[in-house]
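The structure presented is a predicted model; accordingly, all values stated were derived computationally and were not measured.
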Amino acid sequence: MSEVEETLKRIQGHKGVLGVVIFDKNGISIKSTLDQATTVQYCTHLSNLAAQARSSVRDIDPTNDLTFLRIRSKKHEILVAPHAEYLLCVIQNPEV
C-alpha cells in the first residue's frame, strides 16, 4: 500500500469522517473514497471556492497565502488543505 493510500485510510478511520477527496487545481479527481457523482460535485465546487479564497487572501495581503479552508454547514464540515499541485478535502459529520 502506498503512503497516500495509508494516509487516506488513516484519515477515513477517524470518527465522523464521511469521505476524503484529492483533486488537482482544475477540479480533476486524483483519489477519492466517495462515489463518482459526489466526487465530481465536490471537486468542481471546492476547486473554485479554494481558488477564490486564495485570491481574497492575496488581495488583502500579497505576501500572504491560503493554508487551510474550513467550511461548516448544518450537515457537514468540509476541510480543504491546498498544496501547490493538489487539494486535499475531508468531509465529516460536524456532530461527531
Side-chain angles (χ1 to χ4, degrees):
M1 188 180 307
S2 75
E3 185 178 342
V4 172
E5 289 173 348
E6 287 178 21
T7 302
L8 283 177
K9 188 175 179 181
R10 182 175 47 83
I11 293 169
Q12 186 71 36
H14 284 275
K15 191 174 173 184
V17 172
L18 304 172
V20 181
V21 183
I22 301 173
F23 52 96
D24 68 14
K25 300 271 182 192
N26 299 317
I28 307 298
S29 173
I30 297 169
K31 197 88 168 161
S32 178
T33 62
L34 301 171
D35 64 78
Q36 182 65 25
T38 305
T39 297
V40 169
Q41 196 171 30
Y42 275 107
C43 290
T44 302
H45 295 294
L46 290 177
S47 62
N48 292 333
L49 184 60
Q52 185 61 48
R54 180 177 188 266
S55 178
S56 297
V57 168
R58 306 259 315 155
D59 285 348
I60 293 167
D61 180 357
T63 64
N64 205 353
D65 203 358
L66 181 70
T67 58
F68 198 78
L69 179 63
R70 182 177 180 175
I71 305 153
R72 186 168 177 158
S73 67
K74 290 180 182 179
K75 293 183 178 181
H76 301 108
E77 183 173 42
I78 303 166
L79 311 170
V80 181
H83 182 271
E85 305 292 323
Y86 60 86
L87 291 95
L88 171 68
C89 171
V90 177
I91 299 97
Q92 62 185 19
N93 181 345
E95 302 301 323
V96 177

Consider only side-chain heavy atoms of I, L, V, M, F, W and Y, link residues closer than 4.5 Å, and tell whether V20 and I71 are in one cluster. no

Does any N or O in the side chain of R58 come within less than 3.5 Å of the main-chain N or O of T63, such that one atom is a donor and the other an acceptor? no

So, the side chain of S55 versus the backbone of A51: is there a donor-acceptor pair under 3.5 Å, distance only? no

Assigning hydrophobic clusters by single linkage (Ile, Leu, Val, Met, Phe, Trp, Tyr; side-chain heavy-atom cutoff under 4.5 Å), is I28 placed with V21? no

Using the rule side chain to side chain contact (heavy atoms under 4.5 Å, CB included), only one of L18, V17, T33 pairs with I91; which is it? L18

If you compare all heavy atoms of S73 against all heavy atoms of P94, which two are closest, and at what distance to 0.1 Å? O-CG, 4.2 Å

Is I30 linked to I11 within one hydrophobic cluster, defined over Ile, Leu, Val, Met, Phe, Trp and Tyr using a side-chain heavy-atom separation of less than 4.5 Å? yes

What pair of heavy atoms forms the shortest contact from F23 to C89, and how long is it? CE2-CB, 3.8 Å

Taking every heavy atom of G27 against every heavy atom of S47, the minimum-distance pair comes out as CA-OG, 3.6 Å

Please find the pair of heavy atoms, one from S32 and one from T39, that lie closest to each other, and give the distance. OG-OG1, 2.7 Å

NZ of K74 to CD of E95: how many Å apart, nearest 0.5 Å? 12.0 Å

Among N64, L66, D59, which one satisfies side chain to side chain contact (heavy atoms under 4.5 Å, CB included) with R54? L66

Donor-acceptor check, side chain of N48 to backbone of T44, threshold 3.5 angstrom: yes or no? yes

Which of these passes side chain to side chain contact (heavy atoms under 4.5 Å, CB included) with L69: L49, I78, L46? L49

Taking ring pair (Phe, Tyr, Trp, His ring centres under 6.0 Å) as the test, write out the residues that go with H83, two or more places apart. Y86

Can you pull out every salt bridge (charged side-chain N to carboxylate O under 4.0 Å, His left out) where at least one residue sits in residues 15-32? Sequence neighbours excluded, please. E5-K31

Let me check something: do V90 and L8 share a hydrophobic cluster, defined by ILVMFWY side-chain heavy atoms less than 4.5 Å apart, either directly or through other members? yes

Hey, could you give me the CG/CD distance between D35 and Q41, rounded to the nearest 0.5 Å? 9.5 Å

